[in-house]
Number of protein chains: 2
Amino acid sequence: MYSLAEENYIKSIYHLQQEAGKEVSTNAIAESMETKPSSVTDMVQKLAEKKILSYRKYKGVQLTEEGRIIAANVIRKHRLWEVFLVDKLKFHWDEVHEIAEQLEHVHSEELINRLDKFLGNPAFDPHGDPIPDAKGNFKNTEKKLLSELKKKQSGVCVGVKETSTEYLQYLDKKKITIGTKISVLGKEFFDGSMIIQVGRDQFFISQKIAENLYIQTA
Amino acid sequence: MYSLAEENYIKSIYHLQQEAGKEVSTNAIAESMETKPSSVTDMVQKLAEKKILSYRKYKGVQLTEEGRIIAANVIRKHRLWEVFLVDKLKFHWDEVHEIAEQLEHVHSEELINRLDKFLGNPAFDPHGDPIPDAKGNFKNTEKKLLSELKKKQSGVCVGVKETSTEYLQYLDKKKITIGTKISVLGKEFFDGSMIIQVGRDQFFISQKIAENLYIQTA
DNA sequence: TTTTATTTTTAGCTTAGACTAAAAATAAAA
DNA sequence: TTTTATTTTTAGTCTAAGCTAAAAATAAAA
């Protein structure tokens with residue numbers, strides 16, 4: 001059984017490895033966890049002893065297979081709880097992250113299996129992120145960023161990259177949610193901004209907006 | 001916001017105060033929390049500083065109004081989660097305690113209010129214990145112990161005093177659960193044992209069984 | 001009312017996890 | 001290839017919460 005602090009480190013390292021690939025630096029971990037590099041070094045050395053990750057001084061860390069499974073399980077719990085909060089308790093998708101951060105650390109395999117079943121074995125969380133199975137396997141759907149679409153292309157919103165409240169509220173205001181169809185009417189090469197169509201509305205979005213929205217094209 | 005350890009102390013002290021009334025001793029707290037008296041002294045002094053309880057050296061402690069409210073809120077969360085686990089996730093009533101012990105420490109008022117609503121604002125948990133409202137008020141129903149009933153009296157099971165797995169499994173085996181009607185057919189003065197009727201079955205129970213079952217008489 | 005037993009507290013130590021400041025290693029620039 | 005800047009680690013503190021062993025207070029027994 002891993003402590004709350006350990007689980008959070010493992011989860012963060014997992015996510016960083018997804019983005020950056022290969023070895024993850026001490027500083028990167030410290031930044032993502034809002035802690036100091038020296039604290040990271042301590043914890044990372046402890047996790048290395050426990051064979052949850054491999055650590056080479058000054059070179060960064062990489063999760064072992066065991067580490068990856070632990071991370072996937074925490075993520076599985078987080079995302080299942082998010083589904084619960086949105087589907088059953090009618091929370092809004094931009095309100096659930098913090099609560100799920102707490103719920104993800106409740107230890108009980110039976111609980112999470114029953115929750116999974118209760119929710120109808122969902123494959124994606126309310127932000128469109130995939131929910132791994134109990135062994136830590138993700139089904140990966142190939143999704144693009146909206147910013148990668150060209151003029152006249154269209155697709156369906158399947159998730160977000162950025163999950164800040166500000167961003168999610170922006171999407172809300174524009175009536176963009178999981179499943180919303182989006183068409184690119186025009187695209188400016190200079191700054192990557194776009195004119196898009198959502199429902200009956202057409203409006204301008206900046207590149208920053210476009211590169212944080214995942215789209216599944218038909 | 002209180003730490004997990006603090007919340008557990010507050011909850012334990014609350015329960016002990018219910019049973020013992022008035023001041024609760026250091027030793028009693030230590031025993032109920034499976035910790036050492038010296039650790040209890042430390043924590044109790046800290047909680048006294050925070051005005052959660054009043055503490056007189058060598059004399060024991062008593063929760064303040066603030067302490068009582070905190071305790072009631074933790075208990076409210078515990079019991080609501082138990083209802084969720086049994087009603088929604090189909091856990092058995094003897095399997096939910098440990099999981100609820102973890103869930104009760106998730107901090108979010110909004111969460112617990114929505115959960116309450118989702119569950120249909122239940123008044124009792126799966127063991128028949130009352131669920132306090134958000135302000136910490138319990139509705140108290142006057143319930144008796146089965147052992148207090150006389151020959152030929154009968155009533156409905158509304159809860160248990162003892163919550164060990166062994167006891168709950170015994171009740172299960174005998175098909176006694178919340179709502180089960182029980183009639184006392186005979187009672188032995190010498191040892192407090194009884195012959196009771198449950199459904200179509202009649203059987204013998206010891207005083208130990210009888211004095212841990214709460215009954216509501218008509 | 002002494003003496004003895006029990007309970008409670010204090011003092012000092014331990015561990016997990018975080019922090020600061022300084023030292024060491026690596027990477028970037030001149 | 002030195003020098004400079006950046007990153008990472010080490011060493012030493014700090015806090016929360018626990019523990020043991022000894023001291024102090026209270027309660028029980030003689």
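Residue numbering restarts at 1 for every chain, and letters A, B, ... go by the order of the sequence lines. Note that the structure is a prediction, hence the values are computed from the model and not measured.
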Task: Where DNA chain C forms stems, i.e. three or more consecutive Watson-Crick or G-U pairs with both distances under 3.5 Å - done: C:1-30 with D:1-30
Open item on the list: Run the side-chain hydrogen bond (donor to acceptor under 3.5 Å, both in side chains) test against B:Glu23 and tell me which residues pass, sequence neighbours left out.
Closed with: B:Arg56
Task: Any residue meeting side-chain contact (heavy atoms from CB on, under 4.5 Å) with A:Lys11, in chain and number order, not counting sequence neighbours - done: A:Asn8, A:His15, A:Val74, A:Ile75, A:Glu101, A:Glu104
Task: Beyond-backbone contact of B:Tyr9 with B:Met33, side-chain heavy atoms, under 4.5 angstrom - done: yes
- [ ] Mind checking side-chain contact (heavy atoms from CB on, under 4.5 Å) for B:Glu211 and listing every partner two or more places apart, or none if nothing turns up?
- [x] B:Ser147, B:Gln207
Please write out each protein N/O paired with an N/O of nucleotides 1-5 of chain C under 3.5 Å, distance rounded to 0.1 Å.
none

Task: B/S/- contact track for nucleotides 19-29 of chain C, protein heavy atom under 4.0 Å - done: BB---BSS---
Task: With A:His78 via ring-ring contact (aromatic ring centres under 6.0 Å, His included) - residues at least two apart - done: A:His97
Open item on the list: Going by side-chain hydrogen bond (donor to acceptor under 3.5 Å, both in side chains), name the residues that satisfy it together with B:Lys88, two or more places apart in sequence or in a different chain.
Closed with: none
Task: Which nucleotide in C:dA18, C:dT8, D:dT9 has an atom nearest any side-chain atom of A:Met43 - done: C:dA18
TODO: Please report, rounded to the nearest Å, how far the P atom of C:dT7 is from the CD atom of B:Glu23.
DONE: 17 Å
Open item on the list: Just to be sure I understand the geometry, which residues of residues 1-17 of chain B put a non-hydrogen atom under 4.0 Å away from DNA chain D?
Closed with: B:Ser3, B:Ala5, B:Tyr9
Open item on the list: Tell me every residue that passes side-chain contact (heavy atoms from CB on, under 4.5 Å) with A:Gln18, counting only those two or more places apart in sequence or in another chain.
Closed with: A:Tyr14
- [ ] Output all residues satisfying side-chain contact (heavy atoms from CB on, under 4.5 Å) with B:Asp87, sequence neighbours left out; order by chain, then residue number.
- [x] B:Val83
Open item on the list: Listing request: all salt bridge (charged side-chain N to carboxylate O under 4.0 Å, His left out) pairs with a residue in residues 27-43 of chain B, at least two apart in sequence or in separate chains.
Closed with: none
Task: Donor-acceptor contact present, side-chain B:Glu7 to main-chain B:Leu4, <3.5 Å - done: no
